[in-house]
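Reviewing the structure listed below.
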Amino acid sequence: MRPLHHQLDGPLPAPEGVPTLLLLGSLGSSLRSWTPQVAALAARFRVLRLDLPGHGASPAAAGPYALDDLVDAVAATLDDLGTGPVHAVGVSLGGMVALRLAAREPQRVRSLALFCTSALLGPAEGWLERARTVRAEGTAAVAEAVVGRWLTPGFAARHPALVADLRAMVAAVDDEGYAGCCEAIAGMDLRADLPRIGVPVLAVAGADDPATPPEHLRAIADAVPDGRLEVVPGAAHVLPLEHPARAAELVTAHVLAVEGGGGDPTTDLTTDLTTDGGRHAAGMRTRRQVLGDAHVDRAVAGTTEFTAGFQDFITRYAWGDVWQRPGLDRRARSTVTLAVLTTLGQEHELQMHVRAALRNGLTTAEIGEILQHCAIYAGVPAANRAFALAQRVLDELARHDESGAAGAGDEER
Ligand SMILES: O=C(O)CC1=CCC(=O)O1
């Protein structure tokens with residue numbers, strides 16, 4: 001097989017000591033399925049994403065393939081790029097390839113983070129049948145059913161554009177490449193490899209995964225010498241799509257622990273605010289504290305190739321720099337923010353920052369004083385509108401008790 005299409009992100013050239021992450025996707029996914037995690041991971045690691053054969057922009061040889069053929073292609077690409085040992089992270093088929101790589105060529109792998117995968121995924125006949133279907137009718141014929149297993153039904157219903165995009169991604173996979181990968185899964189049995197895995201393994205399961213339910217991940221975590229199982233609630237087969245921030249945090253904590261960094265990934269690398277990595281980590285923590293986890297999770301989940309650079313920018317510069325400065329406390333910063341947004345008539349941002357101001361300790365009465373003060377300097381119409389919008393937020397909070405349900409003005413950033 002020819003070397004695989006790849007994308008490298010993060011510090012380039014990588015300074016001495018910066019670990020390299022290898023990210024491998026599921027059957028039917030291209031490397032852009034990792035887009036929501038890239039900014040967070042690349043702030044502190046070198047991140048190498050590969051397209052499996054026939055997926056994304058990688059060429060497809062004629063099938064059938066064995067899992068070792070996929071491992072050969074990955075190993076050849078690592079050699080071409082001269083990466084040295086990597087922390088291998090894989091979803092489903094990507095996890096199977098990573099596991100086999102670590103068993104077969106242990107010098108290449110420093111740790112494994114395996115999402116929604118299996119050491120034995122039968123029945124083989126089901127995979128051979130899917131390969132026949134795809135060769136006869138194309139990948140578009142299976143796209144709807146495949147994506148139906150990737151996301152929980154409620155999440156899929158709330159994100160129709162994402163579902164359409166994922167179906168298009170599956171339908172774009174080369175028919176022969178997809179069928180060959182199905183045949184690789186049909187012939188795969190990694191159970192004998194598990195006791196020989198010499199690196200720490202994080203096995204992450206989606207609690208509602210219909211394709212590789214948690215017992216598949218538990219079997220891996222139990223059989224490897226150094227394994228840990230994490231089960232993520234409200235997640236189906238491709239949980240990094242539905243829980244992008246959680247997936248990035250799990251990988252980061254795992255890799256830091258293996259590298260000796262240990263501890264809480266949101267605080268460990270925040271000591272040095274002169275680096276992009278430190279600003280990103282501190283920014284993400286502050287953004288979560290001020291805007292709330294639910295908001296930040298939605299923003300991260302909604303990140304696309306188009307918006308990824310902007311997301312990274314606001315995390316590092318707004319939240320990792322200006323909001324970190326010691327000269328004003330968060331109450332004061334919220335006061336200024338409300339006044340400016342009122343003056344500019346930035347309605348969505350204003351509603352979001354009414355919530356943020358409450359989190360930062362301003363009272364409802366103080367928010368009212370700020371808006372009334374604006375009436376003098378920004379004009380009565382601007383303040384009048386701001387009062388109406390703030391009242392809407394207060395009413396919603398009274399109804400929802402800040403349960404994390406989406407609130408007015410929460411759809412942006
Ligand atoms: O496509 C599926 O049904 C689930 C799956 C198994 C291996 C993989 O990558 O996805």
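Just follow the structure's listing: the first ligand is 1, and inside any ligand the first atom is 1.
A 4.5 Å side-chain heavy-atom check between Leu27 and Arg130 finds at least one atom pair inside the cut-off. The side-chain heavy atoms of Glu125 and Leu128, taken from C-beta on, include a pair separated by under 4.5 Å. Side chains of His243 and Asp297 form no contact here, defined as non-hydrogen atoms less than 4.5 Å apart. In this structure, the side chains of Leu93 and Cys181 come closer than 4.5 Å at one or more pairs of heavy atoms. Under the 4.5 Å side-chain criterion, counting only non-hydrogen atoms from C-beta, Thr117 is in contact with Leu217.
Side-chain atoms of His87 and Glu259 include a donor-acceptor pair closer than 3.5 Å.
Each of the following atoms of ligand 1 lies closer than 4.0 Å to a heavy atom of Ser26: 9 (O). Counting atoms of ligand 1 from 1 in the listed order, those under 4.0 Å from a heavy atom of Ile185 are 7 (C). Near Leu121, the atoms of ligand 1 lying under 4.0 angstrom from a non-hydrogen atom of the residue are 6 (C). With ligand atoms numbered from 1 in the order given, ligand 1 contributes 8 (C), 9 (O), 10 (O) to contacts under 4.0 Å with heavy atoms of Leu27. Atoms of ligand 1 lying under 4.0 Å from at least one heavy atom of Arg149, given by number and element, are 2 (C), 3 (O).
Among Arg130, His237, Met188, the residue whose heavy atom lies closest to atom 2 (C) of ligand 1 is Arg130.
Inclusion of Val146 in the set of residues having an N or O under 3.5 Å from an N or O of ligand 1 is not warranted. At least one N/O-N/O distance between Leu93 and ligand 1 falls below 3.5 Å.
Each of Val255, Asp9, Leu48 was scored for a side-chain contact (heavy atoms from CB on, under 4.5 Å) with Leu21, with one residue passing: Val255.
The residue Trp150 has no part lying near ligand 1, judged by heavy-atom distances below 4.0 Å.
Looking only at distances, no side-chain donor or acceptor of Trp323 sits under 3.5 Å from a matching main-chain atom of Arg333.
The shortest contact between atom 8 (C) of ligand 1 and any protein heavy atom is with Ser92 OG, 2.6 Å.
Val91 does not count as a contact of ligand 1, since none of its heavy atoms falls under 4.0 Å from the ligand.
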